[in-house]
Amino acid sequence: MAVIHYTEMKDKQTALERLCDRESGVSAHYLIGKDGEVVQLVDEDKRAWHAGVAYWRGHKDVNSASIGIELDHPGHKFGYTEFPRVQIDALVPLLARMMKTHDIPRANVVGHSDVAPMRKIDPGEFFPWERLAEYGLALPTPEVKLGDPFTNDGAFYLALERYGYDITNGHAAVRSFQRRWRPQKIDGEIDGEIRAILFQLLLDRDRGNAR
């Protein structure tokens, strides 16, 4: 897996100091600055403590199965903004090489909020997932073809768990799903649009189109 985060700190130096501080209990494999500089902090074959308590597709110890990429960004705490193009330009080749080296499927390139919906909202609604998808580095938002198949909220939650999310807190899981797949409206409420998106994601996966 590859997990994308934002630092939610005022500047890159502050983030570096924290990521390199043994007492912080936090680390990541890479930090990408707003200027596009890529700093490797942990070898890819070593464990980094970036995901915390997290879950994805049966993995309860995400840190042991993932590479963590931190993006220098103020986050929601210090004024949420779009990600600089030069920063994403640096992320693209790094992620492409990483995915090829470690055989990471597009479906396992996720945000921190996807694997820890009760605690995290990064990289947030402005992260350009569709741009990564254009390069084959993330799944695109699916084109909905078959409408809303779920008869009740319980069926939706079961499908959401089947797709990979931790549904311990249903409202948080829905918000996380919306943040990734329909960022223009994040309210934690199940509606026909997100039901249809989830159904299409599952169909694509079952048909082998989601690797």
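Only a predicted model underlies this, so the values are computations on that prediction, with no experimental measurement involved.
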>> Any side-chain to backbone donor/acceptor pair from Ser176 onto Ser113? Under 3.5 Å, distance only.
In response: yes
>> How close do Asp61 and Ser64 get, counting heavy atoms only, and between which atoms?
In response: O-OG, 2.7 Å
>> His59: which residues meet the side-chain contact (heavy atoms from CB on, under 4.5 Å) condition with it, sequence neighbours left out?
In response: Ala65
> So Glu125 and Arg179, salt bridge (Lys or Arg N to Asp or Glu O under 4.0 Å) or not? Walk me through it.
Replying inline: CA-CA 5 Å; Glu125 56 274 18; Arg179 186 167 280 109; 3.7 Å; yes
>> As an exercise, state the distance from CD1 of Ile67 to CD1 of Ile4, rounded to the nearest 0.5 Å.
In response: 11.5 Å
>> Using every non-hydrogen atom in the two residues, find where His29 and Asp43 come nearest and quote the distance to one decimal.
In response: CD2-O, 3.2 Å
> For residues Tyr30 and Glu44, is any side-chain donor paired with an opposing acceptor at under 3.5 Å?
Replying inline: yes
>> If you count every heavy atom of other residues, nucleotides or ligands that lies below 6.0 Å from Arg119 atom CZ, does the total exceed 12?
In response: yes
> Please walk me through it: do Tyr163 and Arg57 pass side-chain contact (heavy atoms from CB on, under 4.5 Å)?
Replying inline: CA-CA 7 Å; Tyr163 188 72; Arg57 294 191 166 179; 3.2 Å; yes
> At their closest point, which heavy atom of Ala28 faces which heavy atom of Leu41, and how far apart are they?
Replying inline: O-CB, 3.3 Å
> With the 4.5 Å side-chain cut-off for hydrophobic clustering, are Ile197 and Tyr157 part of the same group?
Replying inline: yes
>> Quick check for you: to the nearest 0.5 Å, what is the distance between Asp114 atom CG and Trp181 atom CH2?
In response: 8.0 Å
>> Phe127: which residues meet the ring-ring contact (aromatic ring centres under 6.0 Å, His included) condition with it, sequence neighbours left out?
In response: Phe83, Trp129
>> Which heavy atom of Ser66 sits nearest to which heavy atom of Val3, and what is that distance?
In response: CB-CG2, 3.9 Å
>> Would you say Met99 ends up clustered with Ile69 if hydrophobic residues are merged whenever their side chains have heavy atoms under 4.5 Å apart, either directly or through other cluster members?
In response: yes
> How long is the gap from CG on Asn63 to NE2 on His50, to the nearest 0.5 Å?
Replying inline: 5.0 Å
> Has Gln184 got more than 12 heavy atoms of other residues, nucleotides or ligands less than 6.0 Å from its CD?
Replying inline: yes
>> My understanding is that only residues two or more places apart in sequence, or in another chain, count here; which of them pass side-chain contact (heavy atoms from CB on, under 4.5 Å) with Pro84?
In response: Lys34, Val86, Gln87
>> For the residue pair Tyr6 / His76, report whether a side-chain donor-acceptor contact shorter than 3.5 Å exists.
In response: yes
